[in-house]
Protein chains: 8
Amino acid sequence: MAEIGIILGSDSDLPKVKECFDILEQFNVPFEIIVSSAHRTPERTREWASGAAGRGIKVIIAVAGGAAHLAGVVASHTTLPVLGVPVETNVSGGLDSILSMVQMPAGVPVGVMAAGRAGGANAALFAISILSLGNESYADRLERYRKETEEKISKRNEKLNRTGYKNYTKE
Amino acid sequence: MAEIGIILGSDSDLPKVKECFDILEQFNVPFEIIVSSAHRTPERTREWASGAAGRGIKVIIAVAGGAAHLAGVVASHTTLPVLGVPVETNVSGGLDSILSMVQMPAGVPVGVMAAGRAGGANAALFAISILSLGNESYADRLERYRKETEEKISKRNEKLNRTGYKNYTKE
Amino acid sequence: MAEIGIILGSDSDLPKVKECFDILEQFNVPFEIIVSSAHRTPERTREWASGAAGRGIKVIIAVAGGAAHLAGVVASHTTLPVLGVPVETNVSGGLDSILSMVQMPAGVPVGVMAAGRAGGANAALFAISILSLGNESYADRLERYRKETEEKISKRNEKLNRTGYKNYTKE
Amino acid sequence: MAEIGIILGSDSDLPKVKECFDILEQFNVPFEIIVSSAHRTPERTREWASGAAGRGIKVIIAVAGGAAHLAGVVASHTTLPVLGVPVETNVSGGLDSILSMVQMPAGVPVGVMAAGRAGGANAALFAISILSLGNESYADRLERYRKETEEKISKRNEKLNRTGYKNYTKE
Amino acid sequence: MAEIGIILGSDSDLPKVKECFDILEQFNVPFEIIVSSAHRTPERTREWASGAAGRGIKVIIAVAGGAAHLAGVVASHTTLPVLGVPVETNVSGGLDSILSMVQMPAGVPVGVMAAGRAGGANAALFAISILSLGNESYADRLERYRKETEEKISKRNEKLNRTGYKNYTKE
Amino acid sequence: MAEIGIILGSDSDLPKVKECFDILEQFNVPFEIIVSSAHRTPERTREWASGAAGRGIKVIIAVAGGAAHLAGVVASHTTLPVLGVPVETNVSGGLDSILSMVQMPAGVPVGVMAAGRAGGANAALFAISILSLGNESYADRLERYRKETEEKISKRNEKLNRTGYKNYTKE
Amino acid sequence: MAEIGIILGSDSDLPKVKECFDILEQFNVPFEIIVSSAHRTPERTREWASGAAGRGIKVIIAVAGGAAHLAGVVASHTTLPVLGVPVETNVSGGLDSILSMVQMPAGVPVGVMAAGRAGGANAALFAISILSLGNESYADRLERYRKETEEKISKRNEKLNRTGYKNYTKE
Amino acid sequence: MAEIGIILGSDSDLPKVKECFDILEQFNVPFEIIVSSAHRTPERTREWASGAAGRGIKVIIAVAGGAAHLAGVVASHTTLPVLGVPVETNVSGGLDSILSMVQMPAGVPVGVMAAGRAGGANAALFAISILSLGNESYADRLERYRKETEEKISKRNEKLNRTGYKNYTKE
């Protein structure tokens with residue numbers, strides 16, 4: 001049974017949050033995906049969002065760009081935590097998506113991640129940090145993830161020191 | 001029976017679009033007002049929007065600030081023309097409201113007016129220009145409105161020429 | 001006889017609003033196209049705009065970028081509803097075009113659509129929503145268009161569920 | 001024992017997130033408050049953040065403006081969910097705070113709320129939505145909060161219908 | 001006979017460019033003022049602009065805010081040099097006015113000054129620098145103006161050195 | 001003897017204002033070009049600017065990007081009219097260049113053109129409009145230029161009508 | 001003999017960087033102040049800047065707003081380290097000043113501080129951190145300053161814990 | 001022993017500040033490089049920064065993009081001068097990085113350079129200008145660097161005059 005529900009405003013956004021799916025798989029977090037627009041399929045979005053808690057979903061990740069109303073609309077139909085991933089656009093690289101997601105009115109929150117790929121990855125990690133509060137194995141796995149990241153960066157520095165920055169960037 | 005439906009995200013927005021109400025009254029266009037949020041009262045918003053055409057509403061004016069999803073959410077529940085009035089905020093004087101209203105995805109349009117008071121006035125005038133297509137008395141009245149505006153500006157110039165700019169700005 | 005008049009500031013904008021033409025054709029809405037600049041051909045623009053209502057035009061779509069004065073200038077010469085489509089530019093992906101179109105002063109409204117391709121499509125749909133008020137066949141067709149969009153998205157979800165997101169994005 | 005830890009970059013930010021404290025009290029969520037800067041008291045910030053989970057804290061709310069590094073710095077020292085509340089500044093009403101909080105790199109997420117008072121309120125509600133996953137009484141209370149909000153808006157509409165918008169805004 | 005023609009989009013802009021009038025008077029440059037909007041009084045604007053050269057006007061100063069199409073519209077009806085003064089607005093302190101004036105398409109230039117009071121003053125000085133090319137007395141006066149400015153700043157520094165910065169700012 | 005002096009902050013800006021040179025040649029306006037930076041070669045810039053009037057230069061065009069101080073620095077050393085052409089950059093497509101050129105303090109004006117190619121063309125046309133005040137042949141040529149532009153656009157419309165927009169954009 | 005030279009574009013900027021003067025006095029760093037504009041008094045600015053090193057000045061602080069060319073112009077006349085303090089303006093609270101100072105071309109650096117009061121304070125502290133490299137007493141004093149700041153924040157937290165946040169903000 | 005310490009938030013930033021390394025090598029300034037993130041490796045960053053002065057480092061250069069907290073975090077752990085180089089991003093070409101670095105609170109300064117390649121070069125030059133205060137050979141070398149830049153630009157102008165701008169840009 002899925003613990004995370006991911007809703008995307010368009011199927012063209014699927015490859016843009018690849019890192020989100022990758023991390024959830026890496027952590028063995030079961031998730032479900034739906035493509036549904038706040039504006040073009042409002043009923044489908046509403047049904048999916050309002051039924052999410054009942055289906056066992058614990059955290060929702062909403063991915064959208066431009067007007068990017070999706071995260072807010074989903075949050076209006078559920079009291080589950082809703083994370084927003086603003087998709088990069090031509091307007092200042094997604095400033096429209098960011099502001100539209102961030103500036104939610106008092107009463108219905110959305111937790112907004114970075115625009116673009118980093119946002120997809122971080123939505124997964126943030127969702128896992130929430131699940132970790134009730135699941136120690138996720139909490140342990142998250143600690144390990146941080147450690148592994150540190151070790152990767154250590155190795156890069158070792159290589160950088162060994163080869164020098166000129167050779168490093170050549171490879 | 002109301003021809004224009006006006007929906008505001010918050011009752012604190014009522015005085016900000018005073019000019020909208022004033023112009024509709026001046027033109028004797030019957031209108032209805034509802035305060036309903038896209039996020040805090042999604043069901044009320046949906047019912048109001050999806051029933052608007054059935055009640056005889058021909059044009060909808062949605063007033064909201066910040067995330068300002070209201071116009072888009074209303075448009076998702078009706079095929080009536082929806083006009084958006086972005087309320088001025090602290091973020092660049094309403095840049096968040098403007099971008100969130102303007103950047104609607106293909107399929108569900110919103111016609112966006114200026115942020116602030118001018119936007120309220122223009123939403124009324126735009127709605128009347130739509131009604132004018134099926135109602136010549138509105139069309140005539142709209143022509144007259146433009147003429148009256150021109151005459152007012154003529155009178156200001158006469159006064160400016162008569163008194164000089166120094167006295168003009170003193171008064 | 002054309003019901004929609006489309007004016008573009010430059011012939012280089014023609015391919016940028018292809019979706020606008022496509023949708024109008026799909027709905028069998030007769031339209032006329034003119035290339036005329038607010039600044040380089042002000043007389044042609046004025047004549048075209050002020051004569052539009054007399055030629056039977058009911059809604060005007062103005063497409064322009066940068067200073068993007070065209071929609072406002074056209075609106076100053078007619079009381080027909082004028083929709084603005086801001087063309088994307090290098091300045092924040094069209095922030096200049098958007099703000100210049102949106103921030104019209106009280107008295108002469110323009111209904112502004114999204115910058116770029118979505119804006120072209122939505123201008124057509126918004127114009128049709130206006131025409132629908134006096135033409136039931138357009139209204140029916142518009143309802144159908146929304147349904148067809150929903151069905152397309154349904155099919156995408158079916159495929160997504162069937163193939164999984166990894167195969168879906170590969171295809 | 002506190003379930004929510006709130007860290008503010010400056011004591012001048014305390015009144016700006018009053019709604020955050022109000023809502024947490026209203027929901028009887030125990031919370032702790034610390035004033036500590038990412039830059040002026042980095043050790044205190046680090047100790048507080050890295051010890052939070054051990055003290056029983058489940059969600060962290062970080063409030064800061066301008067460079068607004070606080071949320072990110074706190075998130076670097078814990079795997080608990082960290083919510084960011086950007087304080088409004090003179091630069092576009094807090095655009096600097098928003099972007100600095102939102103644009104976190106992949107690996108260390110922050111869930112960002114609106115700039116200003118709405119952000120404070122929503123940080124509390126978002127934190128409660130997280131706690132609700134492991135505490136049904138919070139979940140029930142949250143549902144009730146949404147209902148109460150709806151009822152308040154219903155009453156406003158009743159009053160608006162009864163008195164008319166002119167009298168409504170006068171009061 | 002006026003050498004400079006000043007056109008303002010609204011009489012509320014008159015006090016905002018007071019420095020423009022002051023400097024022109026100080027230099028004894030004859031000027032005319034008209035209040036005329038690009039959108040509300042397009043015919044008046046067109047007639048005034050297209051007749052300006054014939055009336056002996058040599059430089060035009062156009063003052064407008066928001067959409068701020070006025071300078072561009074005036075420039076479309078004359079080949080005289082047109083200077084634009086963007087009026088400060090709520091949107092980022094006039095970013096809308098600045099971009100709308102600056103981003104003119106190739107073929108019809110406008111020379112844009114700073115938003116606000118500095119812009120009014122500089123439009124006058126820029127206009128005089130143009131007139132100076134054909135009028136040595138203006139050129140001399142302009143040189144003197146720069147010298148006087150330098151002397152004023154010299155005196156401020158003398159006072160600053162004499163009194164110290166603490167007393168200086170107290171006075 | 002050159003009537004127009006063009007100064008560029010970098011030789012990499014030369015191709016970016018090609019249209020400026022083209023138009024000046026087309027109008028047979030003699031011009032001189034120098035590459036000199038406000039910051040890297042301040043003495044050269046100062047000497048060139050302060051000597052320009054003495055060499056017979058009547059209008060200066062300064063081309064620069066980023067901090068784009070060049071136009072302001074040149075204007076500080078001459079009372080000739082100085083036009084600024086902001087070069088497009090990565091920061092919002094030249095927003096930094098535009099604001100830095102436009103926001104000159106009272107006392108030392110710069111007349112700013114659009115960012116990018118349109119700005120280069122318009123700087124030439126604006127400079128010619130200034131020269132036209134003292135040279136009727138330039139004035140006549142400028143009128144003709146506008147007419148030719150109108151004719152070009154007429155021909156495009158004829159072709160558009162003849163071939164239809166689908167064939168037009170194919171060619 | 002002054003070790004720090006402070007140049008302000010206008011005497012109206014003096015009170016805006018009061019904290020800069022306060023900190024330098026607190027650290028007993030001798031400094032000199034001049035009011036000189038990049039544009040209105042270019043010769044004075046040039047002489048002051050090019051003579052600074054010879055007078056024993058080690059670091060320059062340039063304070064300016066709007067076009068804010070001052071820091072860059074000063075840096076073009078000296079190889080001393082130049083710090084820029086952007087003054088807050090109406091355009092997005094100083095975005096014009098920030099971008100104009102920050103976006104210096106390769107070859108002539110300026111080290112830019114925050115817009116507004118924090119920038120003034122930090123320019124003093126940054127200058128002292130430079131002087132500290134050659135003066136241990138400054139270095140010690142700087143360490144102490146950081147400690148004192150930490151202690152102040154400690155005391156605030158003690159008070160906050162003692163009185164509770166409600167009483168704290170009341171006082 | 002390294003005099004300059006360079007810290008980069010990611011190894012992908014190494015090629016983006018190539019000019020920084022080139023200039024430091026050209027001036028024979030010994031430097032050390034570390035890849036360490038403010039968020040992913042906070043301990044490593046803290047240790048490196050707090051130990052820098054003890055290792056003989058005199059100036060730190062921090063390179064980061066997006067949230068770009070690195071420079072501020074480093075500055076919180078040392079009283080050495082810290083220079084920030086904002087990496088260009090998709091959000092307005094690095095506006096997020098610039099604002100996040102520039103808007104440091106009073107007490108902990110960062111001296112910010114331009115976004116992108118110019119920033120890398122200027123960080124090196126600014127660092128050298130600091131070292132020059134205690135090392136005359138650097139000071140002389142810096143003077144020479146400026147002279148060489150001037151000579152390069154002189155040669156470009158000679159070539160431009162010799163070949164004409166048309167041939168110049170062709171080559």
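Below, read A as the first sequence line, B as the second, and so on, with proteins coming before strands; counting in each chain starts at 1. Remember, it's a predicted structure, so these values are computed and weren't measured experimentally.
Only the side chain of F/L133 comes within less than 4.5 Å of a heavy atom in chain E; its backbone stays farther off. Neither the backbone nor the side chain of E/T149 comes within contact range of chain F; no heavy atoms are under 4.5 Å apart.
When F/V59, F/I23, F/I98 are compared by the number of non-hydrogen pairs under 4.5 Å with chain E, F/I98 comes out ahead. For the set F/N122, F/L95, F/V82, F/L99, the count of heavy-atom pairs under 4.5 angstrom toward chain E peaks at F/N122. If you tally non-hydrogen atom pairs under 4.5 Å between each of F/Q103, F/M104, F/E19, F/M101 and chain E, the highest count goes to F/Q103. Annotation: maximal heavy-atom pairing with chain F below 4.5 Å, among E/P109, E/A106, E/G111, occurs at E/P109. Interface remark: of the candidates E/L125, E/L142, E/V102, E/V102 forms the most heavy-atom pairs closer than 4.5 Å to chain F. Here F/I130 is the residue among F/I130, F/I128, F/L80, F/L83 with the most heavy-atom pairs under 4.5 Å with chain E. Of the listed residues (E/S132, E/G107, E/G134, E/A53), the greatest number of heavy-atom pairs within a distance under 4.5 Å of chain F belongs to E/G107. Across E/A118, E/A121, E/P81, the residue that shares the most heavy-atom pairs under 4.5 angstrom with chain F is E/P81.
For F/D11, the side chain to side chain donor-acceptor pair (under 3.5 Å) partners are H/Y168, not counting sequence neighbours.
Residues of residues 28-50 of chain E placed with any heavy atom under 4.5 Å of a heavy atom in chain F are absent; none qualify.
F/R146 places no side-chain N or O within 3.5 Å of a backbone atom of E/V108 that could act as its donor or acceptor partner.
Between F/F126 and E/V110, the closest heavy-atom pair is CE1-C, 4.1 Å.
Environment of CD in E/E136: sparse, with no more than 12 heavy atoms of neighbouring residues, nucleotides or ligands closer than 6.0 Å.
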